[in-house]
Amino acid sequence: MRLRRVVITGLGTVSSIGIGSRAFCDSLRKGASGVTTFRARNALGFPFDQGGEVHDFDPSEWVRRHDPKRIGRSSQFAIAAARQAIEDAGLTPEDLPRDRCCVSIGTTDGESQAVDTLVRQIADRGIHDVPAPLMQMVPADRLATSVAREFELAGEAITLSTACAAGNYAIGNAFDLIRLGDADVVLGGGTESIARKSLAGFFRLGAIAPVACQPFDSGRRGIIAGEGAGVLLLESLDSALARGARIYAEILGYGLSCDAKHSTSPDPQSIADCMRKAHANAGISPRDVDYICAHGTGTAVNDTVEAKAIREVFGDALPPTSSIKSMIGHTMGAASALGVVASALALKEGFLPPTINFREPDPECSFDCVPNAARAAAPKVVQNNGFAFGGNNAIIVLGAAA
Amino acid sequence: MGLVITGWGVISPIGIGADEFVSGVESGRSGRKPIASQGGTFPPGMTEACTIPEFDIAKILGTKKGTRVLDRTAALAVGATSMAMRHGAINATPAYESGFGVVLGTCNGTMSRTVEYTLETLHPEKPYMVSPEAFPNTVMNFAAGQCAIAHRLRALNTTVSGGRLACILALRYAGRMLQLGYADGVMVGSVEEHSSTMAWGAWYAAKSRQEEVPVLGEGGAMFALERSELAEKAERKPLAELLACEVGFHGGVGGDPAHVLAGCVERALARAGLSAADVSVVSRRESGLRALDEIESRALEKALGARAPARRLAVAGQVGECFSASGAFQVSALLADYRSSSEASGRVGLVTSVTHGGAVGCALFRGV
């Protein structure tokens, strides 16, 4: 089976630290925090008020083929990030090979704000009297099909709802489609908007930090909920070279595993297994990894388990490992997709994003977490971690453009 | 490389388990029942649904252990997975736990639980007094995770939100996973629970399109899909070969979804090295949703020619409109057809699916 090599030629970002990958990159370099006091109605009323909300997102700037009011916020984010990725790749939507262009989008809660609004209407008016268009926004498959409709693409349009690892799943799937020759271009990534049930649920689990997200810090108190989207334009290496495209990075491979143990507590063995599978799939060994873009949610348990798995696989040769969730919060289905964007930028621009809010090291997380300030570097191989409730893990390995 | 189905677990309004399902299809049994008034109000005029009141997950698993946490969607998925694994004696393969994964198709997971949970967060003083234990159920990948936990299936675990196309998308993804070696085998399929939330969703969708509201149903199926050489090594007898899955999207301006679906069928046939004349049986959605049925008919005419295949299966009249489970029942109808016939070997069967949103697709099988 001859498999094609796959590269990233376009980046699209909607985040609390910047809309557009240039702004996102500058913020990563500065160690900027996108965490602010919640403004959106569906986030109000809880005994915590800090979140990684995306402010000043104007859907009419990005959404051309739909009435933005008829699609949910998560679809709007995905379309915006996809449009940016297409343009960033030096293409127009008309350039895309419609029959051979696919869309692969990951999410945790789908159109969560449409669900929140719908439920509020059900509570206020009764389920017999809610606006029909609101009902029609809700199905999660709309995330991928909205992007396909927006750019008139005819290939596979798939939504992978693998919770907080979904971005890696969707990008991994995109990688496979091109590798196999089932697609020539794929818009792959993840999207999420703040969901009321997640705020309540994580809070009840004691997993929400009151002020800031502090991954790997001994005083860490949990996640800060965030939102956004990361979408990449992926194509074959040959195609990118033939048209003289700027290549950010190559996707070398990815690995999948499932804990199959507990619905919320992660299993370090399964995560270590996932890392090994990712390395094998990418044709690398642990010592080749120059930087890990961590899952790093900032909860007591995730960071300890992630550190344990990293030590298990890397032994004493621990690469610098930072968490961008310290800056943008936990963007759920978008998280690992934004991690891939950050990883691609790290490789292309030559820097390591920091873990901000870091004050007190935790002896259980003994690696260099690039504390508080970004660092110039020349990574050649980057690993991007994605774990989730349900124990479905996905890890992507990226390499510098040749 | 050949991909084969070696295990089949089906939970349907016309029978639980492969034997009952097959006899239900053969006898034309209807799954329609009056809607029991548990769990919420239903839209005006909706008095019947193809539900499965006799579904008892503890009975299927042979134990109550681990079942308390399961919502109905997760219970259907775990039940069907367990039945499929038993059916194929998957546990006879050494190291099956590390080699097998799960790929589950869904709409939005358990919408009834998600709506319920979110309603509780609207409490004015204490929006966070929700149950911590019930939170994981509201995440769309919960059911797939429970299938894995029930059988320690660790190779991979993916949830596909594909609406009515979910099962075909899941089969296609699972096929890629096997082709590229991410797993040795995959428990793949889709399930849907009947609920007041889904019923209202269907009602609003029908009203906005000025269509009749279909009779809704629930249930689903899971299939053990693996590479043929591994199945042979494990001495598992295949039920069918999966030859190809092709999907596409038409939701743009102008153009024709039937054209896109016909293209999917043509590509699937080309991949399998077959022609239209080779297709002997078609397992259609044909769910009574006029617009979708019409697209399906035109696509099949375009792809297969005016000469209709010998057999045409449409089980939706018996099991109802089952959203993401519809594909699982269509595949099951094909497996039932293969089983009922003495000449199934080599018989090529086509499963097609159409959605309102514009995604379409098909899966091509061959009897063994």
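Because the structure is a prediction, the values reported are computed rather than measured.
- Applying the 6.0 Å contact sphere to CZ of A:R41 captures no more than 12 heavy atoms from other residues, nucleotides or ligands.
- Summarising the geometry, atom OG1 belonging to A:T162 is positioned 11.0 Å from atom CG belonging to B:L156; distances are rounded to the nearest 0.5 Å.
- Of residues 265-273 of chain A, not one residue has a non-hydrogen atom less than 4.5 Å from any non-hydrogen atom of chain B.
- Inter-residue side-chain proximity for B:T118 and A:R120 is flagged as unmet; no heavy-atom pair is nearer than 4.5 Å.
- Between the side chains of B:S161 and A:S161, a donor-acceptor pair is found at a separation under 3.5 Å.
- Chosen from A:L118, A:L199, A:D182, A:V130, the residue pairing most often with chain B at heavy-atom distances under 4.5 Å is A:V130.
- Within the 4.5 Å cutoff, the side chain of A:H128 has no heavy atoms near those of the B:W203 side chain.
- One side chain, A:R196 or B:T121, offers a donor N or O that lies under 3.5 Å from an acceptor on the other.
- Heavy-atom minimum distance, A:G201 versus B:Y117: CA-OH, 3.5 Å.
- Ring to ring, A:F202 and B:F135 are close: their centroids are under 6.0 angstrom apart.
- Interface residue B:M129: backbone and side-chain heavy atoms are both found under 4.5 Å from chain A.
- Among the candidates A:I122, A:V138, A:V115, the residue making the largest number of heavy-atom pairs closer than 4.5 Å to chain B is A:V138.
- Shown here for A:A260 and B:R152, the closest heavy-atom pair between the two residues is O-NH1, 2.9 Å.
- Remark: aromatic rings of A:F46 and B:Y128 are distant, center separation not under 6.0 Å.
- Within a 6.0 Å sphere centred on NE2 of A:H66, other residues, nucleotides and ligands contribute more than 12 heavy atoms.
- Taking the six-membered ring for Trp and the full ring otherwise, the centers of A:F389 and B:F142 sit at least 6.0 Å from each other.
- A 4.5 Å side-chain heavy-atom check between B:N108 and A:E111 finds every atom pair outside the cut-off.
- Taking all atoms of both residues into account, the shortest heavy-atom contact from B:F249 to A:R149 is CE2-N, 3.4 Å.
- Nearest heavy-atom pair across B:L119 and A:A123 is CD2-CB, 3.8 Å.
- Looking at B:L180 and A:R179, their side chains come closer than 4.5 Å, going by heavy atoms from C-beta outward.
- The shortest side-chain heavy-atom distance between B:T159 and A:L160 does not fall under the 4.5 Å cut-off.
- Taking a cutoff of 4.0 Å between a charged side-chain nitrogen and a carboxylate oxygen, B:R176 and A:E156 qualify as a salt bridge.
- For a residue to count as touching a neighbouring chain, one of its non-hydrogen atoms must lie under 4.5 Å from one of that chain's; by this rule B:L153 touches chain A with the backbone only.
- Listed options A:A144, A:P133, A:A163, A:G390 were ranked by heavy-atom pairs under 4.5 angstrom with chain B; first place goes to A:A163.
- Contacts of B:P43 with chain A are absent, with no heavy-atom separation under 4.5 Å from either backbone or side chain.
- Contact annotation: the side chain of B:V130 never approaches that of A:K197 to less than 4.5 Å [non-hydrogen atoms, C-beta and beyond].
- Taking 4.5 Å as the limit, some side-chain heavy atom of B:Q179 sits within range of a side-chain heavy atom of A:L180.
- Of the two parts of B:Q146, only the side chain, counted from C-beta on, holds a non-hydrogen atom closer than 4.5 Å to a non-hydrogen atom of chain A.
- With a threshold of 4.5 angstrom between heavy atoms, B:R209 approaches chain A through side-chain atoms but not through N, CA, C or O.
- Results of the side chain to side chain contact (heavy atoms under 4.5 Å, CB included) test with B:L122 over A:D116, A:V119, A:D124 single out A:V119 as the only residue that passes.
- Only the side chain of B:S208 has a heavy atom closer than 4.5 Å to any heavy atom of chain A.
- Only the side chain of B:Y173 comes within less than 4.5 Å of a heavy atom in chain A; its backbone stays farther off.
- Proximity of B:R172 to A:I158: side-chain heavy atoms (C-beta onward) are nowhere separated by under 4.5 Å.
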